[in-house]
Amino acid sequence: MERVFGMKKFTKQSIETASEAMKAIAEEISSLPEMSWSEFSEENTVLIIVDVVNGFVREGKMASADIESIIPGIVALMKKFNEKEMPVVALCDSHKPDCAEFESFPEHCLEKTSEAELVDEIKKEGGYFMLKKNSTNGFHEKEFMQCLIQNPQTNTFIITGDCTDICVLQLCLTLKTWYTCSNKSVNIIVPIDCVETYDAPGHDRVLMNTAAYKLMKDSGIKFVKTIK
């Protein structure tokens with residue numbers, strides 16, 4: 001049979017098999033357990049909010065109303081962290097007009113514009129340390145790396161935000177492999193009610209959320225329905 005990129009071309013049977021696999025993953029996601037706030041240590045847990053900015057929610061070429069749904073859950077987590085004076089880090093896209101990322105994505109979240117600002121609900125809650133990022137993967141920002149190095153006691157990361165299959169996925173996988181490279185255990189937890197991606201031609205939201213879940217889960221990222 002003819003091959004494409006080292007694999008057999010899709011057949012009706014392979015498509016049916018993939019469809020069944022997707023259904024199984026969807027059922028797995030729907031039955032995820034909840035996690036209790038009491039399971040976290042105040043000394044070594046950090047909440048990370050990825051790109052919940054106007055440019056991905058309410059205005060601009062990359063905005064998606066689907067992402068609006070995760071804001072209440074994220075704010076609820078922020079309240080818990082702020083009550084305990086635990087760290088909250090907000091990673092925010094902030095690009096210059098000539099950013100190389102615009103070769104892959106439409107122009108968005110230009111620095112010093114409202115698109116690059118956190119949504120009002122998160123601003124109002126406050127209590128966060130904001131880090132600007134110039135690529136989809138916030139891990140590579142020097143300030144983020146400094147935070148990791150200066151807080152060696154931190155071993156639990158609750159990751160929230162958007163987009164599940166781009167910025168969230170890249171951050172989770174890079175965090176995981178960075179700790180693994182140093183032979184250190186790390187807990188990376190993603191509450192499913194606090195992450196989301198967008199719908200667009202060639203980018204089906206359900207498909208991409210599902211694929212991202214599978215890729216992260218197989219790499220040791222823990223998913224829960226919600227954190228209460």
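Numbering of residues begins at 1 and proceeds along the displayed sequence.
Leu47 and Val50 are members of different hydrophobic clusters when ILVMFWY side chains are connected at heavy-atom separations under 4.5 Å. Linking ILVMFWY side-chain heavy atoms closer than 4.5 Å, directly or via other members, places Trp178 and Val190 in a single hydrophobic cluster. Ile49 and Met216 are assigned to two separate hydrophobic clusters, defined by single-linkage of ILVMFWY side chains at heavy-atom distances under 4.5 Å.
Interatomic distance, Leu169 CG to Ile166 CD1, rounded to the nearest 0.5 Å: 9.5 Å. The structure places NZ of Lys217 at 9.0 Å from CG of Leu32, a figure rounded to the nearest 0.5 Å. For the atom pair CE of Met78 and CD1 of Ile71, the computed distance is 11.0 Å after rounding to the nearest 0.5 Å. If you take OG on Ser64 and CD on Glu196, they are separated by 7.0 Å, rounding to the nearest 0.5 Å. The CZ atom of Phe105 lies 10.5 Å from the SG atom of Cys99; values are rounded to the nearest 0.5 Å. The OG1 atom of Thr210 sits 7.0 Å away from atom CD1 of Ile25, with the distance rounded to the nearest 0.5 Å.
Proximity of Phe144 to Leu171: side-chain heavy atoms (C-beta onward) are separated by under 4.5 Å at one or more points. Residues Val186 and Leu175 are not in side-chain contact: their nearest non-hydrogen atoms beyond the backbone lie 4.5 Å or more apart. Two residues are said to be in side-chain contact when any heavy atoms from C-beta on lie closer than 4.5 Å; Asn151 and Gln153 meet this criterion. Between Ile158 and Val46 the shortest side-chain heavy-atom distance does not fall below 4.5 Å. Residues Phe102 and His108 have side chains in contact (heavy-atom distance under 4.5 Å, counting atoms from C-beta outward). Using a 4.5 Å heavy-atom threshold, the side chains of Lys176 and Leu173 count as separate. Put simply, the side chain of Met62 does not reach to within 4.5 Å of the side chain of Cys109, judged on heavy atoms. Looking at Met35 and Phe40, their side chains come closer than 4.5 Å, going by heavy atoms from C-beta outward.
Nearest heavy atom pair, residue Pro152 against residue Ile149, reads CD-O, 3.6 Å. Taking all atoms of both residues into account, the shortest heavy-atom contact from Pro72 to Ser69 is CD-O, 3.5 Å. Between Ile221 and Cys172 the shortest heavy-atom distance is CD1-O, 3.8 Å. Closest heavy-atom contact between Phe81 and Pro87: CD2-O, 3.4 Å. Heavy atoms only, all atoms of each residue included: Asp51 and Asp93 are closest at OD1-N, 2.9 Å. Across all non-hydrogen atoms, the minimal contact from Met86 to Ser41 is CE-O, 3.8 Å.
A salt bridge does not link Lys225 with Glu28: every distance from a Lys NZ or Arg NE/NH1/NH2 to an Asp or Glu carboxylate oxygen is 4.0 Å or more. Of the charged side-chain nitrogens involved, at least one lies within less than 4.0 Å of a carboxylate oxygen, so that Glu68 and Arg58 count as a salt-bridged pair. A salt bridge does not link Glu107 with Lys61: every distance from a Lys NZ or Arg NE/NH1/NH2 to an Asp or Glu carboxylate oxygen is 4.0 Å or more. Salt-bridge check for Lys23 with Glu20: passed, with a basic side-chain N closer than 4.0 Å to an acidic carboxylate O. Salt bridge status for Lys132 with Glu143: absent, with no side-chain N to carboxylate O gap under 4.0 Å. Comment: Glu141 does not engage Lys133 in a salt bridge, judged by the lack of any side-chain N to carboxylate O separation of less than 4.0 angstrom.
Among Thr226, Ile29, Ile70, the single residue meeting the side chain to side chain contact (heavy atoms under 4.5 Å, CB included) criterion with Ile192 is Ile29. Among the candidates Val119, Leu91, Leu118, Ile122, the single residue satisfying the side chain to side chain contact (heavy atoms under 4.5 Å, CB included) test with Val53 is Leu118.
Side-chain contact check for Glu101 and Ser135: no donor-acceptor pair (N or O, by modelled atom type) lies under 3.5 Å. For Asn82 and Glu125, the side-chain atoms include at least one donor-acceptor pair closer than 3.5 Å. Side-chain contact check for Asn209 and Thr197: no donor-acceptor pair (N or O, by modelled atom type) lies under 3.5 Å. Glu115 and Thr113 share no side-chain donor-acceptor pair at under 3.5 Å. A donor and an acceptor atom, one from each side chain of His140 and Asn134, are nowhere located under 3.5 Å apart. The closest side-chain donor-acceptor pair between Asn137 and Thr174 falls under 3.5 angstrom.
At distances below 3.5 Å, at least one donor-acceptor pair connects side-chain atoms of Asp204 with backbone N or O atoms of Val206. No donor-acceptor pair closer than 3.5 Å links the side chain of Asp66 to the backbone N or O of Tyr198. In this structure a side-chain-to-backbone donor-acceptor pair under 3.5 Å is present from Thr160 to Ile48. In terms of modelled atom types and a separation under 3.5 Å, the side chain of Ser182 and the main chain of Lys184 share no donor-acceptor contact.
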Verdict with reasoning, Thr136 to Cys163, per side-chain contact (heavy atoms from CB on, under 4.5 Å): CA-CA 9 Å; Thr136 51; Cys163 292; over 6 Å; no

Given the rule in the side-chain contact (heavy atoms from CB on, under 4.5 Å) test, do Phe139 and Leu148 qualify, once you have shown the distances and angles that lead to the verdict? CA-CA 10 Å; Phe139 181 93; Leu148 295 179; 3.7 Å; yes

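In Glu42, the CD atom is crowded: over 12 heavy atoms of neighbouring residues, nucleotides or ligands sit closer than 6.0 Å.
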